[in-house]
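Read through the structure below, which is laid out as structure tokens, and then see the notes.
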Amino acid sequence: MKKRAPATSKPQEYEEDGLQLEGKVLVCFVSVEDQDTFDVKIISKQARDEIIKAIQLIEGFPERIEENNAEVEKFNKGLVKAQERGFREGENPKQLKKLILDPAMYKVDKILVYPWAHLSNFLSQESVAMEVCPLIKTMMEEKGYEAYFSPFGWYKAFSLDCLGHEVAEMYRDVTLLLASTEVRASSIFKIVNPDKSIEFFCDSTEESKKKAKIPKKYSKDFRDFIKSEVLSSRGAGRDEPAHIKLMQRFELADFDDATDAGNFRWYTKGLLMKNLLREYVENKVVDNGAIYVDTPVMYTVKNKKLTAQTARFPARTYWVHSGNNRYLLRFASDFLLFNMFSQMNIRADQLPIRAYEYEQYAFRREQAGELAGLRRLRAFTMPDLHSLCKDLPQAVEEFKSQFILSNKILQDFGLKSYMIIRTTEKFWEENSEWLLDIIASENEPALIELWPERYYYFILKYERPILSAQGHTACLCTNQIDVESALDFVEQYGEKRQKYDIKWHDKSGETGHPIILHNSPSGAIERIVWALLETSERYKDTKVPGFPTWLSPIQCRVLSISEKELPYAEKIADAINSKQIRCDIDDRDEKIGKKIRGAEIEWIPYTIVVGQKEMENNTVSIRKRLTGQEFKDGNTNEQINEIPLKKFLKIIEKELVGFPRKQLPLPFRKISSRISFRQ
RNA sequence: GCCAGUGUGGCUUAGCGGUAUAGCGCUUGAUUCGUAAUCAAGAGGUUCGAGGGUUCAAUUCCCUCCACUGGCUCCA
């Protein structure tokens, strides 16, 4: 290798004019990408490990291929015998593999690390990338290899002789991964009873979990909840989750064959529910003092504040290319939101500031096997609330208020859940009084998990999981008390890591970093739908399944006994729709029994039957679905005969007070004109 | 991502080397009916998830891929 001319304004200094390497040299062409420069040391170390793996692959190759050859030979012999015996025809024998060169050629004597910008379209800044090759060289030397690097920023002349065997050329993509090097010590699970008594349940070791017995005194629901949350899914059902069939049957949402797994399409009725949920949650948090914002769905990796967090899960993100730049699709709004906070002028007297964002989509590229219907998606919708609090006492007050808010929300969904509080032993000791008050206020047992130390950016995490029909749990509401993100820097595994540097200041000139509460008061919208469907299925033998009236895509249905009453039925339906209540008509030429059955299967909250009698007396007869209640003598409905329409409207309005209203799209107002997405 | 299972008209499903069975739904006709399924007839599979292979012949056997599901892992 010979230096010819500088290729950049400040080429890397290198004493010698050239470099001559004899023997079998592993030349590693390296280019450094944008996000990698967040931590040059880590990426260099990862590159070094990859090079060592490559050397082991090269030097171990003759042995491996011989093993392989032996295996193939054995297989071929077996196959020949099998064919002679006359079965298993049609199988092609594997071809024998042979080494192309002398095993002595599979050796690495020296390593040359060579900067090669042309390997990537997304290069990092030169000044930082420059450090990488010398660093890898030094790290290789530390591992006992003879290593060299070529200077950065020169036009160079060189010649190479390639040995040309199987592993002579290879490509490796090394992604910056800020893995936690710390081994997490075991945590402890305890059950807190409504009378504030605390029982040890188990610790996080396998032996302890095996020994753990859930006391029989608890309800089946609570025992299933503990099973799922602490003991993994032990004993959970093996069937397909119930909500998948239901979401398809009701035409709420569906898989889509032309996109990535875990990205769903939403049909009219499902979207109606999503929109209602959105408006409902938004109203609730704004009533509770929130402001709203909307931040972009993608962010750059060239901002160190952001990369600090994104580099922890590189395999779990979607990349977007835009010209010569690339961006990550957000997996939460936190990054750009916190970046925005850091650019704001925040007065202490304005705190707590509650910023609400309806994340139309957040993207998490979950592993294929982790996806599960509406429970776990790669693209999901998250109503997200962040509260900036001046200090811990204010954060605690805010936490309590959010606890009450989210309870109200879950109650309005008709969902039942338990509570998990995960925190450090120290924080629990110092705060157990108000935490126990919160638990006791539920009058239900709760689970706590205690860590000996803080491992995450939050000091406390609060979760409300819902049970599925199969006994799995998934969290809706969550809350985290974040004591790290607002700081300027944190010490992490001996390294100083940049944080968002969010600051408040007050009149006296005092400043500080706020504590941030990450709260989703309702959980992901898709997961709410999951929970509604699974809850209905879970209790279907004892309780009437269905959606709360305010959330039902169709809130009432008018059935005419014969064709003669159709005009009257239409008049009724129009009157109801004009009051912003979603009503359709079963205008098919079918018997009343069949129409009733149709309404039952669709979980319609109110069914209105009109026949000769009703038409003559200008009344309606209604069947009120007892959604969520115990079956009444085996019936799902309560019958109220021949009342004026006004009286019916009064009954249904009572259920809709305080809830958002949406119109039913026109084609859906008649069964005959309804648009079907699934046939 | 790993291990295992599944994939047949819109839905539920029979078949498993010789080009496919039924029910629901749909369409049409009859019926005009009082609270969970009226009767009859008809259409609907031209790729039995996709691609490749074996075979005279593949929905059926083999391989690869995709999707979904269960378990593991994971859930910022």
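Residue numbers start from 1 in every chain, and the chains themselves are labelled A, B, ... in the order their sequence lines are given, proteins ahead of strands.
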Could you work out the separation of [N] and [M] based on their [atom1] atoms and round it to a whole Å?
N: B:G44; M: B:U8; atom1: C1'; value: 14 Å
N: B:G18; M: B:G25; atom1: C1'; value: 32 Å
N: B:C65; M: B:G29; atom1: C1'; value: 48 Å
N: B:G70; M: B:G42; atom1: P; value: 42 Å
N: B:U59; M: B:U6; atom1: C1'; value: 15 Å
N: B:A37; M: B:C26; atom1: C1'; value: 16 Å
N: B:C62; M: B:U21; atom1: P; value: 25 Å
N: B:U35; M: B:A40; atom1: C1'; value: 26 Å

Salt bridge flag under 4.0 Å for residues A:K53 and A:E50 = yes
So, A:E638 and A:R623, do they make that salt bridge, N to O below 4.0 Å?
-> no
B:G25 phosphate, OP1 or OP2: any side-chain N/O from A:K594 under 4.0 angstrom?
-> yes
Short side-chain N/O contact from A:H472 to OP1 or OP2 of B:U69, under 4.0 Å = no
Closer to the 5' end of RNA chain B via nearest nucleotide, is it A:E370 or A:I601?
-> A:I601
Under 4.0 Å, counting only non-hydrogen atoms across every strand here, what does [X] touch: a base, just sugar-phosphate, or nothing?
X: A:K591; value: base
X: A:A474; value: nothing
X: A:G373; value: sugar-phosphate

Could a donor-acceptor pair under 3.5 angstrom be found where the side chain of A:E614 meets the base of B:G34?
-> yes
No-H, no-angle donor-acceptor pair, A:R249 side chain to B:C11 base, under 3.5 Å = no
Could you work out, with ring-ring contact (aromatic ring centres under 6.0 Å, His included) as the rule, every residue matching [X], not counting sequence neighbours?
X: A:F38; result: none
X: A:Y318; result: A:F363
X: A:F648; result: A:Y606
X: A:F264; result: A:F255

Base-pair map of RNA chain B as dot-bracket, where | denotes pairing with a different strand and pairs are Watson-Crick or G-U under 3.5 Å = ((((((((.[[[..)..(...]]].(((((.......)))))......[[[[[..)....]]]]])))))))....
Between the protein and nucleotides 46-49 of chain B, which nitrogen or oxygen pairs come in under 3.5 angstrom?
none

[X]: partners by salt bridge (Lys or Arg N to Asp or Glu O under 4.0 Å), with sequence neighbours left out:
X: A:D488; result: none
X: A:R669; result: none
X: A:E570; result: A:K670

Does the gap between the ring centers of A:H518 and A:F338 come in under 6.0 Å?
-> yes
Can you tell which of [options] lies closest to the side chain of [X]?
X: A:V609; options: B:A67, B:G34, B:U38; answer: B:G34
X: A:S621; options: B:U35, B:A36, B:U73; answer: B:U35
X: A:E240; options: B:A36, B:C68, B:G1; answer: B:C68
X: A:E563; options: B:A36, B:U32, B:A76; answer: B:U32

Rounded distance in Å - CG (A:L559) to P (B:U32) = 20 Å
Hey, mind stepping through A:E359 and A:S333 against side-chain hydrogen bond (donor to acceptor under 3.5 Å, both in side chains) and telling me if it holds?
-> CA-CA 7 Å; A:E359 294 163 40; A:S333 67; 2.9 Å; yes
